[in-house]
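In what follows, chains are A, B, ... by sequence order, proteins preceding strands, each numbered from 1.
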Amino acid sequence: MLDSAAIVAANRFGLGARPEEAAIIGRDPRGWLKAQLDGQRATPAALTGFPTATRQAREMLLARAAKGDGGVEENTRRALKEYFAAETGGRLQVAIDSAEPYRERLVHFWSNHFTVSVQRPVVGTMIGGFEREAIRPNILGTFADLLIAVTKHQAMLFYLDNAQSIGPNSIIGQRNRRGLNENLAREILELHTLGVDGGYTQDDVRALAGIITGWGVRGPQQFDTGAFAFQQALHEPGSKVLLGRTFAEDGMEEGEAALRFLAMHPATARHIAFKLARHFVADQPPPALVAKLAGLYLGTGGDLRALCLALVDLPDAWAHSRSKIRTPTEFVLAALRATASTVPPERLVFTMREMGQPTFAAQSPAGWPDTAADWVAPEAMLRRIEWAVSAGRRLPPKLSPVDVAGYAIGEAADSAVHREIAAAPSRAEGFALLFASAEFQRR
Amino acid sequence: MFNRRQTLGLLAGSAILGMPGVSFAALSGDRRLVFVILRGAMDGLGAAPPWRDPHYAERRGALALEAPGSADGVLDLDGFFGLHPALAPLHARYRQNEMILFHAVATPYRDRSHFDAQDLLENGTTRPRGAADGWLNRALGLMGGGDGRIGLAVGSQVPLLLRGQVPVGSWAPTALPETPPDFMQKVAALWQRDPLLYPALAEGLRAQAMSDDVLGDDKKNMKGGGGRNTPLATYTEAVGRLLAAAEGPRVAVIESGGWDTHSAQGKLTGRLAGNLGGLAQGLEALAKGLGPAWDKTVVLCMTEFGRTVTVNGTGGTDHGTGSAAFMLGGAVRGGRVMADWPGLAAQNLYQGRDLQPTLDARRILKAVLRDHLGLDGRAIDRAVLPGSDGAAPLDGLFRA
């Protein structure tokens, strides 16, 4: 049976222990976590067969050139049908199979922070690519690098309308009367960097929107259709003042400079520190803790690896046992990891939708929330128990619920729960009890 | 399938229930309220065009609809305002005097964050994060009512609007099979000492028992999820039936998303039109489910703020201020537009870009709370919508 420290490592930092991990984690929980943060990783093999976002964007743009909006709709429908379930379910199965769940959790965390959603269907064809190309390679570098990679990605540029944003005084802007779209700039300030209380104004939104005009996607008349490109003809000329700092006219470099500036802003440090502390410690993290992480962020130039190593060393992260309620996704993934399950991708996608957290389909750019108040609701509790019963019936005969309970909830659980599981009249019910237990709802 | 007796057996002895022999409270006059939160800032000028405003066509440019009379024209309401053609069912209700359009409406919020604006719309104070509970939950608190669960959140999460001291039910259609009662009993026993999870489970069971009684086998035919992206009409009829049931809830909150049309908003067709059509169909299905109870029902649809008057560079609109709201139901004295119209001339726009708000949304909320739900005016000001003293309830919105 895993002791409390191992349970924290497995569940709070990881995604729930897999059978083969149980023995390893217990020996050195902190070491096990830190080792996962070393070096770079290639895209998981299971995901390398999917089209790049550039290719999806190219096909969409060519379809638009050929048949207008109808062409886009048709292309989108086809591409989603062909890829979305496979890609989304595939990515969930990667999380189930991963031997480096702390790292995988960070991919999900940043993917959520920089939410892109199939609520805009055309973007749905590029989300898998977005996570593989912009998020995964950058989770342990600097926040600035991650921010820039995200902001240059086609999925984000289409999702928040920057690809079509035109500087009013740009070459194109003066020719036809189309203009600025503030959506991405606003969300960069409100959601991605400073945070809603970060102290920016409407003028700052407009300034940043001007700064990132031209950050778009190559059209069908150009070579390399579908790739990110800075287009000077769309770029708002002149210098802009953002949060009191002047950014001189400098083409694409203007945008990069502005993003680096925002990345290292103290409000950003506090915002990121708070979100990480909320995710890894408690819904209402101690302010001193947040301040400490923010200080570390600023002191290391926004080094995410340093922050993630520091999280592992925080006494608070280990002290408050089971302080976080699992989201529906974490709940399902933990159960499937505990039983080393392989599930058809469409079924995984369907399950997350049924459980109230459809993957890659968040309602807004703010993504999914991260507190108990958001997820503990009457209907949601019934769903979890219903799913637990259903899952319990589908597990292979060789697994024993008592054994699995030992590393899924371990010593963090009441002995009453373990007794009930042992006393269950069938294996299916034993597993159902485990997944439906109050302990299993937490991490 | 759970029946109420089984559920009560399960929860017997728990602190949640209190006395056995549960009574289900009713609102005075057996009235119903449905609040529809339109998340994402609905374009009020697109949904309810002020077609007679001399600046409408010019300001709205490519998004301006034709005047009433032409094939694709606006559906006229009162000779000045109209409705987008996709809202034809609401137009019919207007003609039957069961719909009021409010325009140039806004909460006290004057910034442009969806997040903060929705928070304020739901928390009922004068600032975002001004309260951790919702004004409608506080209103439920004033309605007393024994152990009955008057409030119902539609969906698997409870929106802030309904969060708070008063327990509320929640319901959403699902494709997952129901849990066997004896297993549920074991789980409930294991959760009993969990102060966070157990109360939620108890509420869920209670709501499930009630909805099983009312909806029976029909539940199996409903599409799953019930999330904000599921078309309303697939489940609002069921919500209507729950509200109509003698032992059912009386106040429901439905959430509708997809209103944030920054680009390619579309005119007659497209994103906004699609959403409006979905809303109208959802409300008609709700009315159908309510049956005779529609006569005592008020449905109020509100959004967190409006959108810019002029179209932006990508065929859409950005975050604005004033918007429109709809109120419909058999209890409504409808067939009217209530708007203190500021006009769309450049000098009359808020910050030179948005529809100037002239009607405080709380005046509508207070009318509903006082005249439809029967709450005391001073209690409303003190407890439900603190800081709203300057906003007097609108009068005469409802039938006697």
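- Of the candidates A/F431, A/F350, A/F331, A/W387 forms a ring-ring contact (aromatic ring centres under 6.0 Å, His included) with just one, namely A/F331.
- With A/T88 contributing its side chain and A/F84 its backbone, the two residues share a donor-acceptor pair below 3.5 Å.
- For A/E190, the part lying near chain B is the side chain, with the backbone staying farther off; criterion is any non-hydrogen pair under 4.5 Å.
- With respect to B/R307 and B/D260, a salt bridge is recorded, a charged nitrogen being found less than 4.0 Å from a carboxylate O.
- Side-chain atoms of A/D161 and A/L184, non-hydrogen and from C-beta on, never get closer than 4.5 Å to each other.
- We find that B/R112 and B/D354 are joined by a salt bridge, their nearest charged nitrogen and carboxylate oxygen being less than 4.0 Å apart.
- Looking at A/A388, there are no atoms closer than 4.5 Å to chain B (heavy atoms on both sides), in backbone or side chain.
- A heavy-atom distance below 4.5 Å is found between the side chains of B/Q208 and A/L382.
- For chain B, the nearby part of A/S165 is the backbone; its heavy atoms alone come within less than 4.5 Å.
- At least one side-chain heavy atom of B/L63 sits under 4.5 Å from a side-chain heavy atom of B/T317.
- In terms of heavy-atom pairs under 4.5 Å with chain B, the best-connected choice from A/P378, A/S364, A/A372 is A/P378.
- With A/T201 contributing its side chain and A/D203 its backbone, the two residues share a donor-acceptor pair below 3.5 Å.
- Defined by atom type and a distance below 3.5 Å, a donor-acceptor pair is missing between the side-chain atoms of A/Q363 and B/R39.
- Note: B/H262 and B/H319 meet the aromatic proximity criterion, with ring centroids under 6.0 Å apart.
- Note on A/S390, A/P365, A/A163, A/A373: by heavy-atom pairs under 4.5 Å with chain B, the leading option is A/A373.
- For a residue to count as touching a neighbouring chain, one of its non-hydrogen atoms must lie under 4.5 Å from one of that chain's; by this rule A/E420 touches chain B with the side chain only.
- In this structure, chain B has no heavy atom under 4.5 Å from any part of A/L191.
- Close approach to chain B, defined as a heavy atom under 4.5 Å from one of its heavy atoms, is seen in A/A432, A/L433, A/A436, A/S437, A/A438 of residues 432-440 of chain A, taken by number.
- Contact annotation for A/D69: neither backbone nor side-chain heavy atoms come within less than 4.5 Å of a heavy atom of chain B.
- Within the 4.5 angstrom heavy-atom criterion, only side-chain atoms of A/Q441, from C-beta onward, approach chain B.
- In terms of heavy-atom pairs under 4.5 Å with chain A, the best-connected choice from B/D111, B/V158, B/L196, B/V311 is B/L196.
- A distance-only check finds no donor-acceptor pair linking the side chain of B/R206 to the backbone of B/V168 [under 3.5 Å].
- If you measure heavy-atom distances from A/R120 to chain B, the contacts under 4.5 Å come from the side chain alone.
- Using a 4.5 Å cut-off between heavy atoms, A/V389 touches chain B through its side chain atoms alone.
- Between the side chains of A/H192 and A/E187, no donor-acceptor pair is found at a separation under 3.5 Å.
- Note: B/L197 leads B/L160, B/L197, B/L190 in heavy-atom pairs under 4.5 Å with chain A.
- Proximity to chain B (any heavy atom under 4.5 Å) is shown, for A/N162, by neither the backbone nor the side chain.
- Residues A/T351 and A/R347 have side chains that never bring a donor and an acceptor to within less than 3.5 angstrom of each other.
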